[in-house]
Amino acid sequence: YDLQTRIFLLKKYYEFKSVTIVQAKYKAEYKKQTAPSYTVILGIIKRFEKDGLVVPTRSKNEKPSPKRQAAKNQLE
């Protein structure tokens, strides 16, 4: 989900304190899209509460994929 959608989900969760209501508000706002699952919404909330982040970031210990590393090496 993009940044704007994640912020929407967070704001609605803190407003209503209910994932089910957040899903309903999402469906009302984004008419033709399926609402994020319960676990997706909880994951966004947990990341925000733990790290203060709205979008996921790569762990500093995580190595880039071999495909990405090969592409990077070609540019050097």
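With sequence neighbours left out, the side chain to side chain contact (heavy atoms under 4.5 Å, CB included) criterion links Lys17 to Tyr14. Partners of Thr39 by side-chain hydrogen bond (donor to acceptor under 3.5 Å, both in side chains), not counting sequence neighbours, listed by chain and number: Ser37. With sequence neighbours left out, the side chain to side chain contact (heavy atoms under 4.5 Å, CB included) criterion links Glu15 to Lys12.
Pairs engaging residues 19-32 under the side-chain hydrogen bond (donor to acceptor under 3.5 Å, both in side chains) rule: Tyr26-Gln33 [sequence neighbours left out]. Listed by first and then second residue, the salt bridge (Lys or Arg N to Asp or Glu O under 4.0 Å) pairs that reach into residues 39-57 are Arg47-Asp51, sequence neighbours excluded.
When the side chains of ILVMFWY residues are joined at heavy-atom separations under 4.5 Å, either directly or via intervening members, Val40 and Phe16 end up in two distinct hydrophobic clusters. Cluster membership check: Ile41 does not share its hydrophobic cluster with Ile21, using side-chain heavy-atom separations under 4.5 Å among Ile, Leu, Val, Met, Phe, Trp and Tyr.
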Under 3.5 Å donor-acceptor pairs involving side-chain atoms of residues 1-9, not counting sequence neighbours:
residue	atom	partner	partner atom	Å
Asp2	OD1	Thr5	N	2.8
Asp2	OD1	Thr5	OG1	2.5
Arg6	NE	Tyr1	O	3.0
Arg6	NH1	Val54	O	3.1

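Hydrophobic side-chain contacts under 4.5 Å tie Leu53 to no other Ile, Leu, Val, Met, Phe, Trp or Tyr residue.
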